[in-house]
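Here the structure is laid out as structure tokens; the discussion comes afterwards.
Just so it is clear, the structure is predicted and the values come from calculations on it, not from any experiment. Residue numbers start at 1 and run along the sequence shown. Read the numbers this way: they start at 1 and go in the same order the structure lists the ligands and their atoms.
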Amino acid sequence: MSPTHLEIARPDDWHLHLRDGAALGSVVADTARQFARAIVMPNLKPPVTTVAQAEDYRRRILACLPADTGFQPLMTLYLTEATTPDEIARAKAGGSVHAVKYYPAGATTNSQAGVRDLANVYPVLEAMERHGLPLLMHGEVTDPAVDIFDREHAFIERHLVPLRERYPGLRMVLEHITTQAAVEFVRAAPAHVGATITAHHLLLNRNAIFEGGIRPHHYCLPVLKRETHRLALVQAATGGDPHFFLGTDSAPHARDAKETACGCAGIYTAHAAIELYAEAFEQAGKLDRLEAFASFHGADFYGLPRNGDRIVLERKPWTVPDALPFADGTCIPLRAGQTIAWALA
Ligand code: NCD
Ligand code: ZN
């Protein structure tokens, strides 16, 4: 018999885009309702590259939060070729910055200021290894000669394997993994190498981008992959292995920035994140594994306490709105106009 209630320790989101300004005000309550903490991505315009900027951004997030929440934003720095080892030392000393995000220049939304050649940031990586500050990786090559569906696999072979050899003690998270190759790499790595997995990569394969026509709201980076890879991700997430933890990569864009000739990458899932993960785990017959993936593994990886309070999910199908307010426009959430099986009580 399938359960009608599920109680778990309050989860955390280890990869989240909150944006800034009015957009931040539109989305942050969705995350704060479900999660105790979130690792907040720094790919703003301009990017968050210093501890001072991260602390300012953190204050702007706190100022937008509903009064009754204990939600804590955990800040990150955006790695550029101008980042200094001193900034890493400041990050470690300050306590509000929990990781540094690596974007290959040009790989995704607001990544232009990212790294062109990893060799140009070796002194920074060395400082991070020394200070125990995790490197969060957007793991895709940008080489236009590489097929878009193979860019994660190529990144592992070309960059991640050599990086692991060069900095064996560097704490790393391969973010929003999408392939069997990534699952295998992380599974075989030591405990200080982890991976986040999104709800949409657990629930959808690449057919969803083309179902009956082109579906811009199913376009994200790394792009959805074929079914064999989705199944590998489901196995990784539901298998109890502490290398793998929840990271929504919820990435809201205005409707008109998605429904256009050259649409932005990013899927908004924060409106129903834990419910979507519950569906994916239930489909796999592994609801009992949701708590460890959503509430324990990430906290353990980051060396933070597990959350003490709990949330309850009820089997109570509900219909997702067709659109959500987003700054002065709207954002189309995942499952817009369709039902989700679980609801946060
Ligand atoms: C993210 C965004 O919109 O900021 N987009 C996405 O498709 N995931 C950037 C990212 O995480 O790659
Ligand atoms: Zn992201």
Side-chain angles (χ1 to χ4, degrees), residues 12-21 23-24 26-28 30-31 35 38-48 57 61 73-79 98-115 134-142 148-149 151-152 155 172-179 182 194-204 206 208-209 215-225 233 245-260 262-270 273 276 298 326-327 329 331-334:
D12 303 298
D13 183 351
W14 302 100
H15 183 126
L16 174 67
H17 299 269
L18 282 176
R19 313 306 189 201
D20 207 352
L24 164 62
S26 303
V27 298
V28 69
D30 278 347
T31 292
F35 296 105
I39 286 277
V40 179
M41 289 297 127
N43 62 332
L44 304 182
K45 270 184 192 166
V48 178
Y57 183 30
I61 296 167
L74 309 176
M75 308 314 291
T76 60
L77 296 185
Y78 184 119
L79 181 61
H98 292 261
V100 175
K101 181 67 191 283
Y102 161 67
Y103 291 103
T108 187
T109 307
N110 296 346
S111 62
Q112 302 84 334
V115 174
L135 178 69
L136 313 184
M137 279 171 293
H138 186 109
E140 289 191 289
V141 297
T142 53
I148 188 166
F149 293 101
R151 286 182 188 177
E152 183 173 278
F155 178 84
M172 294 180 176
V173 182
L174 194 51
E175 297 290 335
H176 41 52
I177 58 169
T178 62
T179 58
T196 53
I197 305 180
T198 77
H200 46 282
H201 288 102
L202 292 175
L203 289 166
L204 303 174
R206 65 192 192 176
I209 313 169
R215 302 285 190 148
H217 300 293
H218 288 160
Y219 173 57
C220 64
L221 287 170
V223 72
L224 296 169
K225 302 297 190 297
L233 298 176
F245 38 91
L246 185 158
T248 61
D249 195 21
S250 177
H253 291 276
R255 178 178 192 160
D256 58 4
K258 299 275 299 171
E259 298 178 8
T260 178
C262 187
C264 294
I267 298 180
Y268 187 63
T269 53
L276 289 164
F326 185 67
C331 167
I332 309 299
L334 189 67

Angle, NE2 of His17 through the Zn ion (ligand 2) to NE2 of His15 - 10° precision: 110°
Sidechain-backbone polar pair: Glu175 side chain, His15 backbone, donor-acceptor under 3.5 Å: no
Parallel, tilted or perpendicular: ring planes of His176 versus His138, cut at 30 and 60 degrees: perpendicular
Side chain to side chain, Lys258 and Ile332, heavy atoms closer than 4.5 Å: no
From Leu18 atom CG to Tyr57 atom OH, the distance as rounded to the nearest 0.5 Å: 5.0 Å
Tyr268 vs Val27 side-chain heavy atoms within contact, under 4.5 Å: yes
The single option from Lys101, Gln112, Arg19 passing side chain to side chain contact (heavy atoms under 4.5 Å, CB included) against Asn43: Arg19
The Zn ion (ligand 2) contact by Asp249, N, O or S atom under 2.8 Å: yes
Proximal protein residues to ligand 1, non-hydrogen atoms under 4.0 angstrom: His15, His17, Arg19, Asn43, Thr108, Thr109, His138, His176, Cys220, Leu221, Asp249, Ala251, His253, Ala265, Gly266
Centroid-centroid under 6.0 Å between His200 and His218 rings: no
